[in-house]
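All chains are named by letter (A, B, ...) in the order of the sequence lines, taking the proteins before the strands, and each is independently numbered beginning at 1.
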There are 2 protein chains.
Amino acid sequence: MIDPRLLQELVAFAKTGTLSQTAEELHLTQPTVTRGMQKLEQELGVALFNRTGNNKISLNTTGQLAAKEASRLLDMEDELTEKVRNFAESQTRFLVGSDAPGPLLLSERIENKLPVKVKLDQNLLAEDELLPAVESYRYQLVFSSHEYQTDLCESRYIGYEQLFLMCDKNSDLAKKGSVTFQELAGVSFLVLQGIGPWKQIKESAIPNAHFLYQDDLSSLTELTKYSQLPVFRSNLSFPSHPENDDRVPVRIDDPKNRLDFYAIYRKDQKKMVMPLLELLSKNWPEDFPY
Amino acid sequence: MIDPRLLQELVAFAKTGTLSQTAEELHLTQPTVTRGMQKLEQELGVALFNRTGNNKISLNTTGQLAAKEASRLLDMEDELTEKVRNFAESQTRFLVGSDAPGPLLLSERIENKLPVKVKLDQNLLAEDELLPAVESYRYQLVFSSHEYQTDLCESRYIGYEQLFLMCDKNSDLAKKGSVTFQELAGVSFLVLQGIGPWKQIKESAIPNAHFLYQDDLSSLTELTKYSQLPVFRSNLSFPSHPENDDRVPVRIDDPKNRLDFYAIYRKDQKKMVMPLLELLSKNWPEDFPY
DNA sequence: TCCCATTACGGGTCACGTAACAATC
DNA sequence: GATTGTTACGTGACCCGTAATGGGA
């Protein structure tokens, strides 16, 4: 039963290198830290410091190990409190995240059919945030373009997204009816920011393309009206009321034009998320909605 | 920064189910536990208990999660202290374990060639104790008949052990010069206890055999003198001074007659163990020392 | 002279145990 | 009446900060 404050002091010392700076960082006085480290050594029954000379101390190898382990333990403790708090909250809310906007758009459209209120976090999650976000109960569910299987979490395939283009009806593209990414080489597009993995796919698959990124949907739709540049849509992202502009949909037939999505959730929250997943599967739009 | 005592109380409550039993288990008074759990709830900002009625409380789902996580955290803390203590000790001693006696016997024979003093633990370790024993710095090195690769530890192949038999020179076995396990069906043997994986190998490979297990080496050698029963030896286990009895070695030619050994050690203690490993490799006896 | 680590000392906090209370079986 | 959980109250331990000491650059 070690007082975690002592461990904090140790970790801070490992970072700063002197007791006084440690004290300052933790808003304590030097004597407190001195006593703290003495007590820690006493409780562990082990020397952690080289007390060379008379007013200089440093960690010995045992101390370095202890500091590293202490740091891990403190992290674990933070995780514990966060987990518990998130779990308690999860009794009343249902937070959904994603690494791409598509699945969120579909969820938005069907959430009113669910008995529980879900909250969709429109801020996309990065690849490496997905698992921690779910494991810590911060999110009850995240959508990902990758599959994960861990002790705590499982993935379930929910469907795929495919792009198509909305092009001016008089453009060359419109007349083709269907294109590959290669055939789009050099073209300029209007594109939304925050499209997750699609950004990388478009940029690498279409040679020499120019992407005019727009921050929000409203400025994109605005620009769409007054420009002839083609704009991307997908089976998950098309206006519910058809736009009355002079544009026609053009298929993109390309093996790279596909993102498979998985729902990731904690196994112990499976019951909570299944209704939403089934609703998603049931309402998943087909490739090309026109 | 949660007081670990509160976590202990929570864990104990999860086990006992009542606050009073919790208090008893931890040698505290009930009011202390009551206040402790109230404080824990307050610090986490979360309800952990169903305070139904008036004198009965139980964990709610959040509390159950918290208790589980707290238990894990406390285990981690125990591990930390043990690791640090073991590590500190490992500065002065070099403890070696094994899941089979063979490598220990060889180590015994060569340990005087090492500059450092090694301590060989003759109590064999079970399969599932090996990794924890090394990861916690309790042992600096263990020998295992299985390979392991983890974040912290690595395995290094050091050699193999092979059995042969010492048989009465007038016996049928002695005349054959070489046998398979199958051919030993129904035979009775004198066998030492504490031979690790070999026990399982012998018992499953030799049909209808009878094994007369002896606890210690002295009673085995004693019995060996006065009986004609065959006894097992190996390239790692044969007397340094030849026994002057009426026995001759008999090979066992059988694919199952082989145990590969690996040395397992923490990567951060590699420097410490390498001299011993190299010495072992250099002095590893060949299959059949006669 | 400044910085660092350690020891001495006094005070305030806080967590504990005892005691008392309420409720349920 | 026995057991269980909670509240009230006083005390003592302990930990902190201030102050003082000693050794180095």
Side-chain angles (χ1 to χ4, degrees), chain A residues 1-64 66-67 70 74 77 81, chain B residues 1-64 66-67 70 74 77 81:
Chain A
M1 250 343 67
I2 301 175
D3 188 338
R5 283 176 302 177
L6 303 185
L7 298 182
Q8 273 188 315
E9 293 175 18
L10 178 66
V11 172
F13 178 85
K15 208 179 76 183
T16 63
T18 82
L19 293 182
S20 45
Q21 282 179 273
T22 303
E24 191 174 1
E25 175 157 330
L26 300 180
H27 306 292
L28 298 170
T29 56
Q30 290 94 334
T32 302
V33 181
T34 296
R35 284 188 300 255
M37 294 300 90
Q38 286 170 345
K39 178 158 192 184
L40 184 58
E41 282 183 306
Q42 188 193 338
E43 290 198 6
L44 289 174
V46 151
L48 301 174
F49 299 92
N50 295 317
R51 285 195 174 70
T52 160
N54 213 329
N55 73 352
K56 182 76 188 158
I57 70 172
S58 58
L59 290 171
N60 62 23
T61 53
T62 308
Q64 288 165 21
L74 293 175
E77 208 220 283
T81 64
Chain B
M1 249 347 66
I2 300 175
D3 189 336
R5 286 177 300 178
L6 302 186
L7 298 182
Q8 273 187 314
E9 293 175 18
L10 178 65
V11 172
F13 179 85
K15 207 179 76 180
T16 63
T18 81
L19 292 182
S20 44
Q21 282 179 273
T22 302
E24 191 175 0
E25 176 157 331
L26 301 180
H27 307 293
L28 299 170
T29 56
Q30 292 93 334
T32 303
V33 182
T34 297
R35 283 188 300 256
M37 294 300 90
Q38 286 169 344
K39 178 159 191 182
L40 185 58
E41 283 183 304
Q42 188 193 338
E43 289 197 9
L44 289 173
V46 152
L48 301 173
F49 298 93
N50 295 316
R51 285 196 173 70
T52 157
N54 214 330
N55 74 351
K56 183 75 188 160
I57 69 170
S58 58
L59 290 171
N60 62 24
T61 53
T62 308
Q64 288 166 21
L74 294 175
E77 207 219 283
T81 65

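- The base of dG5(D) has none of its N or O atoms less than 3.5 Å from a complementary donor or acceptor on the side chain of Asn55(B).
- Of the side-chain N and O atoms in Lys39(A), none sit less than 4.0 angstrom from OP1 or OP2 of dC14(D).
- We find that CD of Glu25(B) is positioned 17 Å from C1' of dT4(D), with the value rounded to whole Å.
- Comparing Ser20(B) and Glu9(A) by the nucleotide of DNA chain D whose heavy atom lies nearest to each, the residue mapping closer to the 5' end is Ser20(B).
- The shortest distance between side-chain heavy atoms of Met37(A) and Leu48(A) does not fall below 4.5 Å.
- Summarising the geometry, the separation between CD on Gln42(B) and P on dA15(C) is reported as 10 Å, rounded to the nearest angstrom.
- Between Gln30(A) and Thr18(B), the residue anchored nearer the 5' end of DNA chain D, judged by the nucleotide with its closest heavy atom, is Thr18(B).
- The distance between atom CD1 of Ile57(A) and atom C1' of dT6(C), rounded to the nearest whole Å, is 10 Å.
- Residue Ile2(B) comes nearest to Glu77(A) through the heavy atom pair N-OE2, 3.3 Å, listed as atom of the first residue, atom of the second, then distance.
- The closest side-chain heavy-atom distance from Phe49(A) to Asn60(A) is not below 4.5 Å.
- Contact between the side-chain N/O atoms of Arg35(B) and the OP1/OP2 oxygens of dG17(C) is not found at any separation under 4.0 Å.
- Ala12(B) and Thr22(B) make their closest contact through CB-CG2, 3.6 Å (heavy atoms, listed as atom of the first residue, atom of the second, distance).
- The side chain of Lys56(B) places no N or O atom within less than 4.0 Å of a non-bridging phosphate oxygen (OP1 or OP2) of dG5(D).
- Atom CD of Gln8(A) is separated from atom C1' of dC15(D) by 16 Å (rounded to the nearest Å).
- Distance CZ (Arg5(A)) to P (dC15(D)): 7 Å, rounded to an integer number of Å.
- Salt-bridge check for Arg51(A) with Glu41(A): passed, with a basic side-chain N closer than 4.0 Å to an acidic carboxylate O.
- Rounded to whole Å, atom C1' of dC14(D) lies 15 Å from atom CD of Gln38(A).
- What separates CG of Asp3(B) from P of dA15(C) is a distance of 8 Å, to the nearest Å.
- Listed pair Thr34(A) / dA5(C) fails the phosphate criterion, with no side-chain N or O lying under 4.0 Å from OP1 or OP2.
- Nucleotide dT4(D) holds its P atom 17 Å from the CE atom of Met37(B), rounded to whole Å.
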